[in-house]
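Just so it is clear, the structure is predicted and the values come from calculations on it, not from any experiment. Heavy-atom basis, side chains included; hydrogens, waters and symmetry copies ignored.
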Amino acid sequence: MNEHKKYGWTVKGILGMIFSPMGLLFLTLGVCLWHFKAGEDPQDPLIFLCVFGGIGAVFLLTGLGLLLAELYRRAQLRRAYEGGYYVMAKIAGVTAQNQVRVNGSSPLMLECHYRDPDTGVVHVYYSRYLYVDVTDMLQSDQVPVYIDRMNDRVGFVDVDAVLPKIEIHR
């Protein structure tokens, strides 16, 4: 289990990586304008602090919240994988994520179904984003899904286990 696994970044994490530095920049700008008494009116530095600092604080806190949520999700997936408990789930299909666009195209995700033999409940898990159509490359119709024993809602779909090594040439 020493191999490096890709847990993937979601929209939340990417937005967190954008909002956090942008918020820090605005917050710093507001504090600097206030500190150096920018403006002509005596009230101007306070207005700059409230406007730029307020917008910066909102963006910074939102970005950090999104980033922390994404890091928590990735830590849960890592814990599930390192726990070593997995089930074989049937690959139901490859679906495009149309709400995300990368270089003009939408990434794909594997949708996997697993029926718990004890309860009869069907669990649906999704893989990380895939940036190439892997439909014809799948080496099996089942994929290992590493499940956290403490929380069966957390499952890491090990898509690399059913794919050959892929090199993309553009």
Side-chain angles (χ1 to χ4, degrees), residues 1-24 27 56-170:
M1 297 246 176
N2 290 336
E3 61 186 282
H4 175 68
K5 287 293 178 183
K6 297 177 185 174
Y7 299 105
W9 287 90
T10 62
V11 175
K12 281 189 212 177
I14 295 169
L15 284 175
M17 285 189 275
I18 294 170
F19 282 10
S20 296
M22 189 169 70
L24 187 62
L27 185 60
V58 168
F59 273 93
L60 180 64
L61 292 175
T62 302
L64 288 176
L66 291 170
L67 204 52
L68 288 173
E70 177 69 11
L71 293 175
Y72 179 69
R73 182 195 70 84
R74 290 169 58 94
Q76 284 183 314
L77 293 178
R78 186 175 299 108
R79 185 178 67 210
Y81 176 71
E82 290 174 354
Y85 174 70
Y86 71 92
V87 295
M88 295 304 288
K90 183 177 182 344
I91 298 173
V94 179
T95 58
Q97 299 303 303
N98 295 323
Q99 74 274 15
V100 179
R101 302 288 287 179
V102 177
N103 293 332
S105 63
S106 297
L108 306 168
M109 293 176 88
L110 286 184
E111 180 179 325
C112 308
H113 299 173
Y114 166 70
R115 180 182 302 271
D116 188 342
D118 297 333
T119 63
V121 175
V122 175
H123 298 273
V124 179
Y125 296 101
Y126 293 94
S127 71
R128 62 180 162 82
Y129 291 157
L130 303 169
Y131 297 99
V132 66
D133 188 2
V134 298
T135 307
D136 62 338
M137 295 182 237
L138 296 171
Q139 298 173 335
S140 174
D141 63 341
Q142 291 188 332
V143 63
V145 177
Y146 291 86
I147 298 175
D148 186 353
R149 287 183 178 245
M150 299 299 175
N151 182 3
D152 64 353
R153 294 180 57 161
V154 177
F156 170 66
V157 178
D158 192 6
V159 67
D160 297 322
V162 294
L163 287 175
K165 185 175 189 298
I166 300 172
E167 289 184 16
I168 299 173
H169 305 281
R170 296 187 193 252

Peer 1: Count the heavy atoms belonging to other residues, nucleotides or ligands that lie under 6.0 Å from OH of Tyr86, then report whether that count exceeds 12.
Peer 2: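 Open: at most 12 neighbouring heavy atoms sit under 6.0 Å from OH of Tyr86.
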
Peer 1: Find the distance between OG (Ser105) and CD (Gln97) and round it off to the nearest 0.5 Å.
Peer 2: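 The CD atom of Gln97 is 12.5 Å from OG of Ser105, to the nearest 0.5 Å.
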
Peer 1: Under 30°, 30 to 60°, or over 60°: which ring-plane class applies to Tyr7 and Tyr81, parallel, tilted or perpendicular?
Peer 2: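 Rings of Tyr7 and Tyr81: perpendicular, over 60°.
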
Peer 1: For Val154 and Ile147, what are the C-alpha separation, side-chain angles and deciding distance, and is it a side-chain contact (heavy atoms from CB on, under 4.5 Å)?
Peer 2: CA-CA 6 Å; Val154 177; Ile147 298 175; over 6 Å; no

Peer 1: CG of Leu71 to CZ of Arg78: how many Å apart, nearest 0.5 Å?
Peer 2: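 With rounding to 0.5 Å, CG (Leu71) is 9.0 Å from CZ (Arg78).
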
Peer 1: Could you report the tightest heavy-atom contact between Tyr114 and Ala89, atom names first, then the distance?
Peer 2: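 Heavy atoms of Tyr114 and Ala89 come nearest at CB-CB, 4.0 Å.
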
Peer 1: Can Arg73 and Glu70 be counted as an ion pair, charged N to O under 4.0 angstrom?
Peer 2: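 Yes, Arg73 and Glu70 are salt-bridged.
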
Peer 1: Taking it one step at a time, do Asp160 and Lys6 satisfy salt bridge (Lys or Arg N to Asp or Glu O under 4.0 Å)?
Peer 2: CA-CA 9 Å; Asp160 297 322; Lys6 297 177 185 174; 5.6 Å; no

Peer 1: Would you say Ser140's side chain and Val162's backbone share a donor-acceptor pair under 3.5 angstrom?
Peer 2: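 Looks like no, no N/O pair under 3.5 Å.
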
Peer 1: Working to the nearest 0.5 Å, report the span between NZ of Lys12 and CG of Leu68.
Peer 2: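 Reported value, rounded in 0.5 Å steps: 12.0 Å.
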
Peer 1: Within this structure, what is the CZ-NE2 distance for the pair Arg115 and His113, rounded to the nearest 0.5 Å?
Peer 2: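 Here the interatomic distance stands at 10.5 Å.
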
Peer 1: How about Leu77 and Asp148: do any of their side-chain heavy atoms sit closer than 4.5 Å?
Peer 2: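 Heavy-atom side-chain distance check fails, nothing below 4.5 Å.
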
Peer 1: Who pairs with Tyr85 by ring-ring contact (aromatic ring centres under 6.0 Å, His included), at least two apart in sequence or on another chain?
Peer 2: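 Residues passing ring-ring contact (aromatic ring centres under 6.0 Å, His included) with Tyr85: none at all.
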
Peer 1: Start with the C-alpha gap between Leu163 and Leu138, add the side-chain angles, then the distance that decides, and say whether side-chain contact (heavy atoms from CB on, under 4.5 Å) holds.
Peer 2: CA-CA 5 Å; Leu163 287 175; Leu138 296 171; 3.8 Å; yes

Peer 1: Cation-pi between Arg128 and Trp9: NZ/CZ under 6.0 Å from ring centre and within 45° of the ring axis?
Peer 2: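 No, Arg128 and Trp9 do not form such a contact.
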
Peer 1: Please give me the minimum heavy-atom distance between Asp158 and Val143, naming the atom from each residue.
Peer 2: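 That would be O-CG2, 3.4 Å.
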
Peer 1: Which of parallel (below 30°), tilted (30 to 60°) and perpendicular (above 60°) describes Tyr129 and Tyr131?
Peer 2: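 Perpendicular: the ring planes of Tyr129 and Tyr131 meet at over 60°.
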
Peer 1: Heavy atoms, side chains only, cut-off 4.5 Å: are Asn151 and Gln76 in contact?
Peer 2: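 Sidechains of Gln76 and Asn151: in contact.
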
Peer 1: Step by step, work out the side-chain contact (heavy atoms from CB on, under 4.5 Å) result for Val94 and Glu111.
Peer 2: CA-CA 6 Å; Val94 179; Glu111 180 179 325; over 6 Å; no

Peer 1: Determine yes or no for a side-chain-to-main-chain donor-acceptor pair under 3.5 angstrom, with Ser106 supplying the side chain and Ala96 the backbone.
Peer 2: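 Such a contact is absent between Ser106 side chain and Ala96 backbone.
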
Peer 1: Hey, mind stepping through Val100 and Val102 against side-chain contact (heavy atoms from CB on, under 4.5 Å) and telling me if it holds?
Peer 2: CA-CA 7 Å; Val100 179; Val102 177; 4.2 Å; yes

Peer 1: Roughly how far, to the nearest 0.5 Å, is the CG atom of Leu67 from the OG atom of Ser20?
Peer 2: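 Ser20 OG to Leu67 CG: 5.0 Å, rounded to 0.5 Å.
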
Peer 1: Got a second to check how far Phe19's CZ is from Leu60's CG, nearest 0.5 Å?
Peer 2: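 Rounded to the nearest 0.5 Å, the CZ-CG separation comes out at 12.0 Å.
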
Peer 1: Closest approach of Pro144 and Ala161, non-hydrogen atoms and distance?
Peer 2: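 For Pro144 and Ala161, the tightest heavy-atom pair comes out as CG-CB, 3.8 Å.
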
Peer 1: Measure across Val58 and Thr62 and return the closest heavy-atom pair with its distance rounded to 0.1 Å.
Peer 2: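 Smallest interatomic distance, heavy atoms only, reads O-OG1, 2.7 Å.
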
Peer 1: How close do Leu110 and Leu130 get, counting heavy atoms only, and between which atoms?
Peer 2: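 Smallest heavy-atom distance, with atoms named: CG-CD1, 4.2 Å.
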
Peer 1: Quick one: do Asp141 and Lys90 make a salt bridge, cutoff under 4.0 Å?
Peer 2: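 No salt bridge links Asp141 with Lys90.
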
